[in-house]
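Heads up: numbering here begins at 1 and tracks the sequence. Predicted, not measured: the structure shown is a model, and the values here were computed from it.
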Amino acid sequence: CNVWLAIYLCKHSRTRLKQKLENKFRQSSSHNIFLFSSGPYEKDDEEADAIYAALDKRMDERRKERRELREKDEIEKYRMERPKIQQQFSDLKRKLSGMSDEEWLSIPEVGDARNKRQRNPRYEKLTPVPDSFFSKHLTTGDKHTTVDPLQGLNLPGGLESPYPGGMTPGLMTPGTGELDMRKIGQARNTLMDMRLSQVSDSVSGQTVVDPKGYLTDLNSMIPTHGGDISDIKKARLLLKSVRETNPHHPPAWIASARLEEVTGKLQVARNLIMKGTEMCPKSEDVWLEAARLQPGDTAKAVVAQAVRHLPGSVRIYIRAAELETDVRAKKRVLRKALENVSKSVRLWKTAVELEEPEDARIMLSRAVECCPTSVELWLALARLETYENARRVLNKARENIPTDRHIWITAAKLEEANGNTQMVEKIVDRAITSLGANGVEINREQWIQDAEECDKAGSVATCQAVIRAVIGIGIEEEDCKHTWMEDAESCVSHGALECARAIYAHALQMFPSKKSVWLRAAYFEKNHGTRESLEALLQRAVAHCPKAEVLWLMGAKSKWLAEDVPAARSILALAFQANPNSEEIWLAAVKLESENNEYERARRLLAKARSSAPTARVFMKSVKLEWVLGNIEAAHELCTEALKHYEDFPKLWMMRGQIEEQSEHNEKAREAYNQGLKKCPHSMSLWLLLSRLEERVGQLTRARSILEKSRLKNPQSPDLWLESVRLEFRAGLKNIANTLMAKALQECPNSGILWAEAVFLEARPQRKTKSVDALKKCEHDPHVLLAVAKLFWSERKITKAREWFLRTVKIEPDLGDAWALFYKFEMQHGTEEQQEEVRKRCENAEPRHGELWCAESKHVLYWQKKIGEILTQVASKIKNTF
């Protein structure tokens, strides 16, 4: 027995352990918990997990290609079984392209397939039933759902006779319902009284309605038209309840009077407000409302009565002066008011405005005695006094109000106005010290705003002194440069140019070796200053930053634009000494000589540059000079020599091919482009030139294949996609062009030039929708903005088109095509002043880019033309084909 018992216990314990482990495993797997999660996670475990993760990743990569092919096949199979509606009708849509205008117009319009009842639904008409109808049928006990059309008619003959049994007592028993309209009306009034009584407190009897909200609530309750009478009655009842609940509450009387005024009952409004003055004699608002509602003489009497009740009210005195038509009467009222309320600054200011300068000065002398803390009165008195007296007045003002900065600034402006400019700096410095001693925090932004006001008022010395005094307050040393540049730009945007000039001067004094600060100051003087101020600044700049080539070039260009060529040469000579063998300075000197028709000097300079600084750009400029001068052989030789040294410079290959094209050697040009593409396969311009060459000689298929090859080597290139689309469009294959454009937008979804072209590939009705999509994708792209401007121009929306042209040239002033189209637009729809403004802005912007612009500006025949001439020429070649 013991053995059997032991065997049984062993089996039983093993079964229980197995069940326990299975339950634990099932629980861990269901809750995503590891079975041995309670154990420590060691480095060996981490390495094992990493190995398993790498194996999973490798196995997944091996199956990835097969899985993707299977998914692709499944999708294609699904599309074949269930094609889209767009695919089902694609062949029919393709046939629509061959329809003529007459066939299109002959298609009948789609009519409304609904029947007449559905097209013109008749709404259910509800007719109000009189109370007598209900009372009659309640007494008879009948139930009717419709009105008998014969009811109430005197029918002839036996139709009036009752039918047999109709007069039995049971049928004539009156109904059990009873309806008394008078009692219903009384119940309605009782309910309204209960609701109105809820606005008063049951304990103290005071109103619990917000007093400040009466007028606002009334404005929302009063109807804007006279048709809603019930709302007016509700408002009248509510306000009556408020007046009765608390008769000494002024807003209730004012709101009641305004309600009656709005409803046209002006006399009732006057009576109400006069009753309000009796109940609230100490309310300033009630008296003013009464004076507003009453006619002229009566209003004066009301104001006089108000003065007796409120002798210290400034607003009532001001209203009394406004009611007077004679100036002397106004003065008399205000002087009487000042006898009673001598501390009111508003009364003094109103009274002074009516006086002559001499009388005003006397009155202000008394005003500052009565109101010594009013800065406005002190400053007004100082303006009317002589120089010496004004100084004494401002000194007294500083003694009475030692914490106001405006008095100090006015004192500085006074000294500047009287030629005592050396005192301006001292006064501003003393102001900062004194205000700080009196516990006033120097707010830098407020002082800069005061300086801008001084600048606009013509007090240049004062504004510059204020800027110098406060520009460094509260700024960390490492943030000074960045903050000061932002302050200068802010002053420029506000029109305070002298403040900006003072900030730049201070920044240059603190950072004399910073090239970026000198550049910003130079651009500021170029845009807002004079030529003399710019040249003086640049002389200082090159003295502190002699290695900054751009500063030398700006100085030389300024002299050249002033037609002072010898001075420009001397500046470039000094630049050579400071920057020997500088490519930029060499090329600037060449440009100066070539622009002034000194071609031999330019050749010598280029020869010297090629020997001392042989860069790719120097060789390119050498080739171009000979090319534009007509020396094709010399240009060809120089180009060949340059390509020996710089065969990876694409512009040299482009120039060589264009020279061959100009000589009508198409084979040599093709060879030059192909060689260039072997060395520079990522040059978009070379691909475009080769494609256009093939198109020009009639090899359309070859041009198409060249563009396809270029797109393979340079994926996501908008310029190549755009040329492919235009190639098909020029060939008359508009369908293929649209297909290519769709592919291009898929590959380059954020390309502005592609979206701009896509807008005008659409038919006119769809262009606006396409332009909206373009703006969503490229909101700030200049090409898209320009396309929208052209779209408005084509729709003859002149004002909107001008706004979008202005937006385009503002966001990208370097885009020459935008300026040319804008100028063409103004030539057609603008005035001469607008045309001249566009021309001047274009000349100041000096645009360098743009497809149409570069076609003219880089042409060998127009290399010496100025910006204005190029603008006119490009605009003249633009045709409104869009």
Side-chain angles (χ1 to χ4, degrees), residues 403-406 408-409 412-413 424-457 459-529 533-534 536-555 780 810-813:
T403 58
D404 192 88
R405 68 184 188 279
H406 294 98
W408 292 95
I409 294 175
K413 290 164 70 176
V424 173
E425 193 86 26
K426 296 179 181 178
I427 291 173
V428 174
D429 292 339
R430 284 173 55 195
I432 300 295
T433 306
S434 175
L435 291 172
N438 284 282
V440 178
E441 181 184 359
I442 306 299
N443 190 318
R444 183 172 171 276
E445 284 72 20
Q446 289 181 352
W447 280 85
I448 291 177
Q449 288 180 3
D450 294 335
E452 291 178 358
E453 293 176 2
C454 293
D455 186 1
K456 294 173 184 176
S459 302
V460 177
T462 303
C463 88
Q464 292 177 347
V466 171
I467 290 293
R468 285 192 293 270
V470 303
I471 194 66
I473 294 177
I475 301 177
E476 298 293 335
E477 185 176 354
E478 57 270 15
D479 298 333
C480 284
K481 177 187 168 186
H482 178 69
T483 306
W484 290 345
M485 295 301 102
E486 287 185 350
D487 291 337
E489 291 175 2
S490 174
C491 290
V492 171
S493 64
H494 296 156
L497 301 181
E498 293 299 331
C499 290
R501 188 171 281 114
I503 292 173
Y504 280 126
H506 184 78
L508 291 172
Q509 187 177 357
M510 299 302 295
F511 304 106
S513 59
K514 290 288 185 181
K515 171 187 168 184
S516 60
V517 180
W518 284 108
L519 268 177
R520 291 205 181 199
Y523 285 127
F524 168 77
E525 293 296 342
K526 178 183 177 182
N527 296 326
H528 304 285
S533 63
L534 173 62
L537 179 73
L538 289 172
Q539 286 181 0
R540 292 168 49 211
V542 296
H544 287 90
C545 304
K547 298 296 182 181
E549 300 172 355
V550 63
L551 296 174
W552 289 104
L553 297 177
M554 287 181 70
H780 302 293
K810 182 179 181 181
I811 202 170
E812 184 54 84

Task: Where Leu435 and Asp404 come nearest, the two heavy atoms and their spacing - done: CD2-N, 4.0 Å
Task: Minimum heavy-atom distance between Val492 and Ala500, given as atom pair plus value - done: CG2-CB, 3.6 Å
Task: ring pair (Phe, Tyr, Trp, His ring centres under 6.0 Å) against His780, all qualifying residues, sequence neighbours excluded - done: none
TODO: Provide the closest heavy-atom pair for Val428 versus Ala469 in the form atom of the first, atom of the second, distance.
DONE: CG1-CB, 3.7 Å
- [ ] Indicate the atoms forming the closest heavy-atom contact of Trp518 with Ser513, along with that distance.
- [x] NE1-N, 4.5 Å
TODO: Any chance you could measure Cys463, atom SG, to Lys413, atom NZ, to the nearest 0.5 Å?
DONE: 10.5 Å
- [ ] I would like to know whether Trp447 and Ile473 meet side-chain contact (heavy atoms from CB on, under 4.5 Å); could you show each step before the answer?
- [x] CA-CA 11 Å; Trp447 280 85; Ile473 294 177; over 6 Å; no
Open item on the list: Once side-chain hydrogen bond (donor to acceptor under 3.5 Å, both in side chains) is applied, what residue pairs with a partner in residues 497-506 remain, sequence neighbours excluded?
Closed with: Gln464-Glu498, Glu498-Arg501, Arg501-Glu525
Open item on the list: Out of the candidates Asp450, Ile427, Val424, Ile467, only one should pair with Thr462 under the side-chain contact (heavy atoms from CB on, under 4.5 Å) rule; please name it.
Closed with: Val424
Open item on the list: Once rounded to the nearest 0.5 Å, what's the spacing between atom CG of Leu551 and atom SG of Cys545?
Closed with: 6.5 Å
Open item on the list: Could you check whether atom CE of Met510 has more than 12 heavy atoms from other residues, nucleotides or ligands sitting under 6.0 Å from it?
Closed with: no
Task: Inter- and intrachain pairs under salt bridge (Lys or Arg N to Asp or Glu O under 4.0 Å), touching residues 468-488, at least two apart - done: Glu425-Arg468, Arg444-Asp487
Open item on the list: What's the separation between atom CD1 in Ile448 and atom CD1 in Ile471, rounded to the nearest 0.5 Å?
Closed with: 4.5 Å
Task: Atom pair CD/CZ of Gln446 and Arg405 - distance to nearest 0.5 Å - done: 4.5 Å
TODO: Mind checking the CZ-CG spacing from Arg520 to Leu508? Nearest 0.5 Å is all I need.
DONE: 12.0 Å
TODO: Mind checking the CD-CZ spacing from Glu489 to Phe524? Nearest 0.5 Å is all I need.
DONE: 11.5 Å
TODO: For residues Cys454 and Val466, determine if any side-chain heavy atom of one lies less than 4.5 Å from a side-chain heavy atom of the other.
DONE: no
Task: Val517 side chain reached by Trp484 side chain, heavy atoms, under 4.5 Å - done: no
Open item on the list: Tell me which one of Gln449, Lys456, Glu452 satisfies side-chain hydrogen bond (donor to acceptor under 3.5 Å, both in side chains) with His494.
Closed with: Glu452
